[in-house]
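Read through the structure below, which is laid out as structure tokens, and then see the notes.
Owing to the predicted nature of the structure, the values given are computational and were not obtained by experimental measurement.
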Amino acid sequence: LPGVAPEAVPSAEAAPDLFTMLGQLTALTRETQLQGRATNRLHAELSAKLDHLAENQISTDTMARKLGDMRREARLEVIVELLEVRDRFSRGVEEAQRRLAGLHGFWARFAQRAVLSALVDGNLLARERLDDLLRRLDVREIPCLGQPFDPTRMQAAEVVHTMTAAPGTVVDVFRPGYISNGRVLRFAEVRVVADARDTPTP
């Protein structure tokens with residue numbers, strides 16, 4: 001054509017035929033399908049790994065909670081044993097003091113007073129060390145004597161009728177009770193003045 005460069009004229013050999021185009025489209029479709037499957041497989045694997053990690057995290061948290069519960073229960077068991085040991089020391093002190101007060105005669109007092117005094121001093125010292133340990137464990141004795149009866153912290157082992165104290169008042173403690181962080185570790189066993197309207201029962 002006049003005015004048109006020869007290289008600008010489209011060549012019949014450069015134009016792809018229909019069969020070639022269909023082949024290329026088919027290959028492209030297959031490649032797209034393969035890529036889609038690979039993507040889906042990768043997504044499924046990632047989801048499975050994330051689920052596994054989440055399950056492991058839940059298992060770890062559960063194990064941590066169980067371990068914490070076991071430690072708290074073990075701590076409480078040790079504290080309860082310490083309280084029992086303290087009770088034994090207290091009974092030893094009371095018995096030795098009772099015997100000291102009941103000594104009669106010069107030679108009896110002379111022979112036994114030193115032994116009983118040493119027993120009292122030793123038990124008192126051991127009990128003081130136990131009390132210091134219990135304080136460090138945040139264990140506190142429940143105040144009872146002269147206090148109103150509290151059924152959430154006390155058990156009425158005995159009910160008495162008297163005019164010297166108001167009804168429902170604790171007048172004696174048979175066995176001290178203890179609390180830790182607001183939790184009752186052991187109920188106090190007490191003697192309570194009878195209340196005609198609401199008498200505590202053992």
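The two residues Leu130 and Val85 make their nearest non-hydrogen contact at CD1-CG1, 3.7 Å. Residues Cys144 and Val170 share a closest heavy-atom pair of O-CB, 3.2 Å. Closest non-hydrogen pair, Val171 versus Ala165, comes out as CG1-CB, 3.9 Å. Between Met154 and Phe187, the shortest heavy-atom contact is N-CD2, 3.6 Å.
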Yes or no on side chain to side chain contact (heavy atoms under 4.5 Å, CB included) for Asp172 and Glu158, after CA distance, side-chain angles and deciding distance?
CA-CA 9 Å; Asp172 200 2; Glu158 185 178 336; over 6 Å; no

Pair Glu84, Arg91 - check salt bridge (charged side-chain N to carboxylate O under 4.0 Å, His left out), show working.
CA-CA 11 Å; Glu84 293 295 331; Arg91 286 193 294 269; 5.6 Å; no

As a quick check of understanding, evaluate side chain to side chain contact (heavy atoms under 4.5 Å, CB included) for Val184 and Thr152, giving each step before the final call.
CA-CA 8 Å; Val184 177; Thr152 64; over 6 Å; no

Run the salt bridge (charged side-chain N to carboxylate O under 4.0 Å, His left out) test on Asp132 and Arg136 for me, step by step, so that the C-alpha distance in whole Å, both residues' side-chain angles and the decisive distance to 0.1 Å come before the verdict.
CA-CA 6 Å; Asp132 181 62; Arg136 284 187 276 123; 3.3 Å; yes

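A salt bridge links Arg98 to Glu95: at least one charged side-chain nitrogen sits closer than 4.0 Å to a carboxylate oxygen. Between Arg88 and Glu81 no salt bridge is recorded (no basic side-chain N to carboxylate O distance below 4.0 Å).
To the nearest 0.5 Å, atoms CG (Leu185) and CZ (Arg153) are separated by 11.0 Å. The structure places CD of Gln97 at 6.5 Å from CG of Leu124, a figure rounded to the nearest 0.5 Å. Here the straight-line distance linking atom CD1 of Ile79 with atom OH of Tyr178 works out to 12.0 Å at 0.5 Å rounding. Here the CD1-CD distance, from Ile142 to Gln147, works out to 11.5 Å after rounding to the nearest 0.5 Å. Rounding to the nearest 0.5 Å places CG of Leu137 at 7.0 Å from CG of Leu82. In this structure, CZ on Arg186 lies 4.0 Å from CG on Asp87, to the nearest 0.5 angstrom.
More than 12 heavy-atom neighbours from other residues, nucleotides or ligands sit within 6.0 angstrom of CZ on Arg127. The environment of Arg75 atom CZ is dense: over 12 non-hydrogen atoms of other residues, nucleotides or ligands sit within 6.0 angstrom.
Residues Val78 and Phe89 are members of one and the same hydrophobic cluster, defined by side-chain heavy-atom contacts under 4.5 angstrom among Ile, Leu, Val, Met, Phe, Trp and Tyr. Under the 4.5 Å side-chain heavy-atom criterion for ILVMFWY residues, no single connected hydrophobic cluster contains both Val160 and Phe174.
A donor-acceptor pair under 3.5 Å is formed between the side chain of Arg140 and the backbone N or O of Arg135.
Of the listed residues (Thr169, Val193, Val192), just one forms a side-chain contact (heavy atoms from CB on, under 4.5 Å) with Phe149, and that residue is Val192.
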